[in-house]
Colleague: 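Could you have a look at this structure, given as structure tokens, before my questions?
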Amino acid sequence: MALLPIILAAGQGTRMNSSLPKVLHTIGGKPMLQHVIDSCQQLDPKLIGIIVGHGADKVKGSIEVENPSWVSQAQQKGTGHAVLQAVDLMLDNDVVIIAYGDVPLIKTDTLKKLAQKLDTAVLSVLTTILDKPFGYGRIIRDDSSTIQCIVEEKDASDKEKEIAEVNTGFIAAKGEDLKRWLSQIKPNNAQGEYYLTDCIAMAVAEGGAVESVICENHLEVEGVNDRTQQAKLERAYQNKQAEKLMLSGVTLADPARLDIRGKLTAGKDVFIDINTVFIGDVSLGDNVIIQPGCVIENTKIADNTIVKTNSVVESALIGSSCEIGPFARIRPGTILNDEAKVGNFVEVKKSTIGQGSKISHLSYIGDTTMGNDVNIGAGTITCNYDGANKFQTIIGDQVFIGSDTQLVAPVTIAKGSTIGAGSTITKDTPENELTLSRSKQMTLKGWNRPIKNNKKDNT
Ligand code: UD1
Ligand code: CA
């Protein structure tokens, strides 16, 4: 028995008011359709059928699937019509599961339950109970609670509109049955559409059992039609991430003010203060502290390191017991070895900073390999770019660089060098010596400051 999920993703999503196809709008930094695909992928399906229409090329180009089968639906004539386009993918014995590219929080387990219902039913429907069922297809049951059919809002009688159990849209059935039903669907309804939901009444008419799986958490089956719904599901998704982190031993100053757009793993006793955004793959070691307002992207941070307020760290490897920020910017390709310190208003790019080395204030370090226990004075700049090419700066162990120094690359500051403050260093320096380049200080004795000619004239 092979599983065949088919995901509907052809709709335009008019109410998003966007040039981006609806299913590419994101939850947790990932397109909604990708969430659904990832949930389906865990079912170990034979392949995944994806029905695309509006913005099909954009959708195909933005999504990663192991074994996709893209099916085009040029005109959107209804959910039944959409699934009909994919009949060539269905073998008679396949268990087909219909899912939706704009219902991003659907869980693999729920899809599994729906498929398992086919042990006893010919068709299974995922339903949920809503306080305000307006707009949804209603589940019509007979006196013995057996499902009879689904009636759409626009076709429902006043009595049927009172029913709180609604169709989420997710169904499962065998390929052979679905193919038979789909070929019989007619657009005889208020919207003139081919309703997938008509399959339910057809199954019942054939004497087949239709069973439901009732979804308790209706956010899991909520679709996104506009950006207010997107925001609601985004927060629900983030709350779930926050809960997982807290249960794994992370303290969050406020779980409502955490954003994970990718995958965050964290060790024990990590503390994350408010308003940090984690992007891509981020891992934090034990006892890491993240102060408020940071952005941390595709970075690994080892134990006991602190990232202080308003720092930005991207594609870097950070050792243990390091100190970053406040207001630091660590750019891609940076490696901080253990106990390194990068202080306020310091930018580090594509550089390796040795163990225990400190760049405490107002510096730019780019394309640099720095040894251990180096001290970089405030305002030191590596001049790594001549307008055409980038050059390397090499700084040996135990170097001390005085404040406001320019290191004009390519240049090597040998081990143990001391550089006098205010120097412009253009040549390699010898080990363990003091090197400086600085014009001599002088005093002009008896010099007078200029005085304004007309003190009242302010122009
Ligand atoms: C559908 C169900 C309704 C259910 C509701 C849950 C039908 C007839 N009705 O109604 O019972 O309560 O979902 O949200 O199935 N799509 C296509 N191609 C099409 C039509 C739709 O890809 O030709 C996609 C849409 O982009 C959307 C999804 O299928 O993602 C649902 O379509 P929509 O027209 O919104 O169905 P509803 O009227 O909401
Ligand atoms: Ca809908």
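Both ligands and their constituent atoms are indexed starting at 1 by order of listing. These values consider heavy atoms only, across backbone and side chains, with no hydrogens, waters or symmetry-generated copies. Quick note: residue numbers are just sequence positions, from 1. This one's a predicted model, so the numbers in the text were calculated from it and none came from an experiment.
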Colleague: Output yes when Arg235 and Asp259 qualify as a salt bridge under the 4.0 Å nitrogen-oxygen rule, no when they do not.
Modeller: yes
Colleague: Record the part of Glu152 in heavy-atom contact with ligand 1 below 4.0 Å; permitted values are side chain, backbone, both and neither.
Modeller: side chain
Colleague: Please state which part of Ala10 comes within less than 4.0 Å of ligand 1, counting heavy atoms only: side chain, backbone, both or neither.
Modeller: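 Near ligand 1, Ala10 shows its backbone as well as its side chain.
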Colleague: Can you tell me how far CD1 of Ile365 sits from OG1 of Thr382, rounded to the nearest 0.5 angstrom?
Modeller: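 Interatomic distance, Thr382 OG1 to Ile365 CD1, rounded to 0.5 Å: 5.0 Å.
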Colleague: In ligand 1, which numbered atoms sit nearer than 4.0 Å to a non-hydrogen atom of Leu8?
Modeller: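 By the 4.0 Å cutoff, the relevant atoms are 22 (O), 24 (C), 29 (O).
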Colleague: Answer with side chain, backbone, both or neither: which part of Tyr100 has a heavy atom less than 4.0 angstrom from an atom of ligand 1?
Modeller: side chain
Colleague: For side-chain contact (heavy atoms from CB on, under 4.5 Å), just list the numbers for Lys58 and Leu24, CA-CA rounded to whole Å, side-chain angles, deciding distance to a tenth of an Å, and then say yes or no.
Modeller: CA-CA 9 Å; Lys58 236 184 200 170; Leu24 293 184; 4.3 Å; yes
Colleague: Is any side-chain heavy atom of Val83 closer than 4.5 Å to a side-chain heavy atom of Ile51?
Modeller: no
Colleague: Determine yes or no for a side-chain-to-main-chain donor-acceptor pair under 3.5 angstrom, with Ser18 supplying the side chain and Leu20 the backbone.
Modeller: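 Yes, because the side chain of Ser18 sits within donor-acceptor range (under 3.5 Å) of the backbone of Leu20.
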Colleague: Could you check whether Asp281 pairs with Lys300 (Lys NZ or Arg NE/NH1/NH2 to Asp/Glu carboxylate O, under 4.0 Å)?
Modeller: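 No, Asp281 and Lys300 are not salt-bridged.
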Colleague: Taking only non-hydrogen atoms of Gln73, do any sit less than 4.0 angstrom from ligand 1?
Modeller: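 True for this residue.
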Colleague: Between Gln75 and ligand 1, is there a nitrogen or oxygen pair with a distance under 3.5 Å?
Modeller: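 Min N/O separation from ligand 1 is not below 3.5 Å for Gln75.
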Colleague: If we only consider heavy atoms of Thr197, is any one of them less than 4.0 Å away from an atom in ligand 1?
Modeller: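 Yes, Thr197 has heavy atoms under 4.0 Å from ligand 1.
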Colleague: Which ligand 1 atoms does Gly11 reach within 4.0 Å, using its non-hydrogen atoms?
Modeller: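 That gives atoms 22 (O), 26 (O) of ligand 1.
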Colleague: Within a 6.0 Å radius of atom CD on Gln184, are there more than 12 heavy atoms belonging to other residues, nucleotides or ligands?
Modeller: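 Enclosed.
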Colleague: Geometry only, no angles: is Gly78 polar-contacting ligand 1 at N/O separations under 3.5 Å?
Modeller: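 Checking ligand 1 against Gly78, an N or O pair does fall under 3.5 Å apart.
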Colleague: At less than 4.0 angstrom from any non-hydrogen atom of Lys77, what atoms of ligand 1 do you find?
Modeller: 23 (O)
Colleague: At under 4.0 Å between heavy atoms, is it the side chain or the backbone of Asp102 that contacts ligand 1, or both, or neither?
Modeller: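 It is the side chain that gets close, since no backbone atom is under 4.0 Å.
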Colleague: At under 4.0 Å between heavy atoms, is it the side chain or the backbone of Thr168 that contacts ligand 1, or both, or neither?
Modeller: backbone
Colleague: Does this structure show an ion pair linking Asp92 with Lys174, if we count only N-O contacts that are shorter than 4.0 Å?
Modeller: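 The answer is no: the pair does not qualify as a salt bridge.
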Colleague: Among Asn167, Val103, Ile98, which one has a heavy atom closest to atom 6 (C) of ligand 1?
Modeller: Asn167
Colleague: Could you tell me the separation between the NZ atom of Lys179 and the CG atom of Leu89, rounded to the nearest 0.5 Å?
Modeller: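 It comes to 10.0 Å.
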Colleague: Quick check on Gly101 - does any of its heavy atoms sit under 4.0 Å from an atom of ligand 1?
Modeller: no
Colleague: I'd like to know if Lys390 pairs up with Asp367 as an ion pair, taking the criterion as any Lys NZ or Arg NE/NH1/NH2 lying under 4.0 Å from an Asp or Glu carboxylate oxygen.
Modeller: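 No, no charged N to carboxylate O under 4.0 Å.
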Colleague: By number and element, which atoms of ligand 1 are closer than 4.0 Å to a non-hydrogen atom of Ala82?
Modeller: 18 (N)
Colleague: Which of the numbered atoms in ligand 1 are below 4.0 angstrom from a heavy atom of Gly137?
Modeller: 3 (C), 4 (C), 11 (O), 12 (O)
